[in-house]
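The structure under discussion appears below in the form of structure tokens.
Letters A, B, ... are given to chains in the order of the sequence lines, protein chains preceding strands, and every chain is numbered from 1.
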Number of protein chains: 2
Amino acid sequence: MTDYQNILRNIKRYVELSEEDEQEFISIIKTSSVKKRQFIVQPNFVCEYQTYVEKGAFRSYFVSDEGEDHTIQFAIEDWFISDFNSYISQEPASLFVEALEDGIIHQIAYQDVENLCEKKPKFERFFRLVAQKSFAYAQKRVLSNLGKSAEARYIEFQAQYPTIVQRVPQYALASYLGMSAEFLSKIRKRLSKA
Amino acid sequence: MTDYQNILRNIKRYVELSEEDEQEFISIIKTSSVKKRQFIVQPNFVCEYQTYVEKGAFRSYFVSDEGEDHTIQFAIEDWFISDFNSYISQEPASLFVEALEDGIIHQIAYQDVENLCEKKPKFERFFRLVAQKSFAYAQKRVLSNLGKSAEARYIEFQAQYPTIVQRVPQYALASYLGMSAEFLSKIRKRLSKA
DNA sequence: ATAAAATCTTGAACTAGTTCAAGAACATTT
DNA sequence: AAATGTTCTTGAACTAGTTCAAGATTTTAT
């Protein structure tokens, strides 16, 4: 017996749902459990689903030609994650999405979402609001990447997402913040002494 | 007599519009002309509108505490621009949006858009698709900022947006690409010789 | 056409952040 | 509990990109 209360509550932060709406939405959810280090999205495969994290921690990242990896996003409980580019275009992904811990996810398929939006404008609205918020968030990130020093970026992130800092490996955080793992280690040491 | 063909064509790339839909949309558009160096969005004022560029070139940018400015976005003909964070939350802006040339813009107010979306799901859909695309684009930018050297970033941008490179001041481009204006000048020299 | 303002260039000195390498600490499997 | 794999730390040498300053060029206004 799967519990859909969390994901439904998430949606209800944006739009009201009738009992029937809830049932309709639940009917397209596919739930699964994942093991640490498992990939739920991989380059060259189309990212068919948007994934809601019921339990666990994930990251999406890109591996450059030089073999360095660059973290695009983290997601813990109550967040969505995917290779969004691949998802909306239904073209092959360029990112990995990897479980950083054992976890449980709810997935919704591209075509099911599009059909649902068509049928019930309420969901169209939900996905519009979420996409707008995500875009605003991504712009904010660009901004703080451009403006700030490596140390300032770390301090800001640590203030805003203390839980994530504790849960994800340091090399993944460093690659999210756009610095080498070694340098992040040095920053942390410097800050712990001050 | 104002011409709405371009903005309507833009929308019709995503959804079909009846004659009535078009009229409805046109009724909320406010058109104005702007002079070079004019601000259409300023910090501390709520960004009431999303702006469609009919003619001209714009940039949005942020001024940091140290007084450096960081370009977030450029927009030329057929693009939308705003302080999107301020627009969707209807809270005071933190960005400037400045005209880089004399131009003509079509603006649509937050509340008018929300009402229109409520009334006609077709527009809800349009704005969802646009927001999703914008988000995907912003993620791509984060990615190329993280992965690449200053020179590679410039080359990539130049390949993708040659028109913009020609139309905007170099210091604005440098601040978009996350490097000093001097360094961009040096990169260009280096490339022109090679 | 001239003056004033804005933008771009160049070199020299500097620094924030990288790379490499090797060991230490921690986690996971048997 | 030992063994293996994974992640984190530290220092030394390096480099991509910055800052400063001054002149050259282009644009804008009168």
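- Within the 4.0 Å cut-off from OP1 or OP2 of dT7(C), at least one side-chain nitrogen or oxygen of Arg37(B) is found.
- In this structure, of dG17(D), dC20(D), dG11(D), it is dC20(D) that holds the atom nearest to the side chain of Glu182(B).
- Between Glu101(A) atom CD and dT6(D) atom P there is a gap of 18 Å when expressed in whole angstrom units.
- Ser86(B) approaches Pro92(B) most closely through the heavy-atom pair OG-C, 3.8 Å.
- Taking only side-chain atoms of Lys189(A), from C-beta outward, the nucleotide of dT19(C), dT19(D), dG11(D) with the closest atom is dG11(D).
- Under the 6.0 Å distance and 45° angle rule, Arg128(A) does not count as a cation-pi partner of Phe123(A).
- Here the C1' atom of nucleotide dT18(D) and the CG atom of Leu146(A) are 15 Å apart, to the nearest Å.
- Ala99(B) approaches Lys35(B) most closely through the heavy-atom pair CB-O, 3.5 Å.
- Heavy-atom distances to DNA chain C give each of Glu68(A) and Tyr171(B) a nearest nucleotide, and the one nearer the 5′ end belongs to Tyr171(B).
- Regarding Glu151(A), its CD atom lies at a distance of 11 Å from the C1' atom of dA16(C), rounded to whole Å.
- What separates CZ of Phe183(B) from C1' of dT7(C) is a distance of 20 Å, to the nearest Å.
- Nearest-nucleotide assignment on DNA chain D puts the 5′-proximal partner with Ser185(A), out of Gly178(B) and Ser185(A).
- Between Arg167(A) atom CZ and dA27(C) atom C1' there is a gap of 17 Å when expressed in whole angstrom units.
- Mapped onto DNA chain D by nearest heavy atom, Lys36(B) and Ala181(B) fall at different nucleotides, with Ala181(B) at the one closer to the 5' end.
- If you measure from atom NZ of Lys35(B) to atom P of dT28(D), you get 11 Å, rounded to the nearest angstrom.
- Scanning both residues, Glu16(B) and Lys122(B), for their nearest heavy atoms gives O-CD, 2.9 Å.
- Distance CD1 (Ile187(B)) to P (dC8(C)): 15 Å, rounded to an integer number of Å.
- dT18(D) atom C1' lies 14 Å from atom CD of Glu66(B), rounded to whole Å.
- Side-chain contact of His70(B) with Ser175(B): a donor-acceptor pair under 3.5 Å is absent, judged by distance alone.
- Within the structure, every side-chain polar atom (N or O) of Lys186(A) is placed at least 4.0 Å from both OP1 and OP2 of dG17(C).
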